[in-house]
Amino acid sequence: MSKTKSVTGQNGRSPIPKIVAGVFVLLVLVCVALGVYWSNTPALPGTVPVSERKVVGYATTETLIDVASVLLEKPGGYLSNDIAPPGLFLDNMPNWEFGVLVQIRDLARVMRNDLSRSQSTSVEDPDLAIAEPQFNYDSESWVFPSTEGEYREGLRALVRYRDRLMDPAVPDAQFYARADNLAGWLGIVEKRLGNLSQRLSASVVTVRENTDLAGDPAARQSTTRPEQIRVKTPWLQIDDVFYEARGTTWALVQFLRAAEVDFREVLEKKNALVSIRQIIRELEESQRSLRSPVVLNGSGFGILANHSLVMASYVAQAHAATIDLRELLQQG
């Protein structure tokens, strides 16, 4: 008769639990390493894409394509809809992605509604009419259809528009670099930066005067609010707002650099090149390396740093400069 040998070690115990524990520890270490690697935000590119033929609109369109491509193809891919480790446990990068995504959506909408149309009665570009709603798909859907699949469809539509824009035999694809179009987009940027500035500043408790109806004695609002409002970002959301702002400013730097190329003649005529460069400079400063493993939230004049207030300073400066530039473009 054959004898069945038990799988035991020298002490008579099975090694299987140790093997399972070792594999589990290894998987945890791999997840931690991948999480750290995937959490590194992409660096700003050093150049602006420019066509040899200097086609108006190429820089903006190509930059939008590049930014959307980085959103989908960076290390770890698109993480906001991950349902498995390590992406499931990361929150800084998904908030960075959302900040980038909001800027992609805003610019895609402006390109569809304004930049590609000569007037309000003009027919919208067919490819931009596809791209804009694709980027507005649910940012956290992971299947049937996935967020990445929908955004890639929008990306392909942008590539088709760019190719038609570059083809002199296809005059129906246009990009109108006018002062009113640039001012319209800057009006949206202004509101985004103002919102982020307030949310970043609320990392510490602030009391604000209610200015909702200031400047218009006939103005009304739906419900009454107190004369003074106490504002404070919840502690667990402070790093979320910080990384959303980092993503927003990362995308905006590139879009504004492209706008400087495509709208150069308009900006020169308004003597506004230095104005847009100042906005870019402020936003570039917001991308400096964070030399801390966590987003610190010290009090305004306390011992510890408050990274949110530092970011708010750059965003607020860019916000003020954007208002000035928009008003300058709207002047006759």
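We use all heavy atoms of the structure for the numbers below, so side chains are in, but hydrogens, waters and symmetry mates are not.
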Anything under 3.5 Å between a donor and an acceptor, one on a side chain of residues 254-262, the other on a protein residue two or more places apart or in another chain? List them.
unit_1 : atom_1 : unit_2 : atom_2 : d
Gln254 : NE2    : Trp250 : O      : 3.2
Arg257 : NH1    : Pro45  : O      : 2.7
Arg257 : NH2    : Glu284 : OE2    : 2.7
Glu260 : OE2    : Arg277 : NE     : 2.7
Glu260 : OE2    : Arg277 : NH2    : 3.1
Asp262 : OD1    : Gly57  : N      : 3.0
Asp262 : OD2    : Thr60  : N      : 2.8
Asp262 : OD2    : Thr60  : OG1    : 2.6

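- In this structure, the salt bridge (Lys or Arg N to Asp or Glu O under 4.0 Å) partners of Asp106, at least two apart in sequence or on a different chain, are Arg109, Arg192.
- When atom types are taken as modelled, the side chain of Asn195 and the backbone of Lys191 share no donor-acceptor pair closer than 3.5 angstrom.
- The list of side-chain hydrogen bond (donor to acceptor under 3.5 Å, both in side chains) pairs with a residue in residues 318-327, not counting sequence neighbours, reads Glu190-Arg326, Arg326-Gln330.
- For the residue pair Glu132 / Asn113, no side-chain donor-acceptor distance below 3.5 Å is found, with atom types taken as modelled.
- Within the structure, the salt bridge (Lys or Arg N to Asp or Glu O under 4.0 Å) test picks out no pair touching residues 35-55 (sequence neighbours left out).
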Pairs of donor and acceptor atoms involving the side chains of residues 19-28, under 3.5 Å and at least two apart or interchain, shall be tabulated with distances.
none

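- Annotation: side-chain hydrogen bond (donor to acceptor under 3.5 Å, both in side chains) contacts of Arg281 (sequence neighbours excluded): none.
- Judged as a salt bridge (Lys or Arg N to Asp or Glu O under 4.0 Å), not a single pair has a partner in residues 22-33 (not counting sequence neighbours).
- Hydrophobic clustering, defined by side-chain heavy atoms of Ile, Leu, Val, Met, Phe, Trp and Tyr closer than 4.5 Å, groups Leu296 together with Val294.
- In this model, a donor atom of one side chain and an acceptor atom of the other lie less than 3.5 Å apart for Glu150 and Gln134.
- Judged as a salt bridge (Lys or Arg N to Asp or Glu O under 4.0 Å), the pairs with a partner in residues 60-71 (not counting sequence neighbours) are, in order, Glu62-Arg162.
- For the side-chain contact (heavy atoms from CB on, under 4.5 Å) test, residues two or more places apart in sequence or in another chain that qualify with Pro133 are Arg112.
- Residues that satisfy the salt bridge (Lys or Arg N to Asp or Glu O under 4.0 Å) test with Glu244, not counting sequence neighbours, are Arg199.
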Indicate every side-chain donor-acceptor pair of residues 165-177 with a distance under 3.5 Å to a residue at least two apart or in another chain.
unit_1 : atom_1 : unit_2 : atom_2 : d
Asp167 : OD1    : Ala169 : N      : 3.0
Asp172 : OD2    : Arg164 : NH2    : 3.3
Gln174 : NE2    : Pro171 : O      : 2.7

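- Using a cut-off of 4.0 Å between Lys/Arg side-chain N and Asp/Glu carboxylate O, Lys270 and Glu265 are scored as not salt-bridged.
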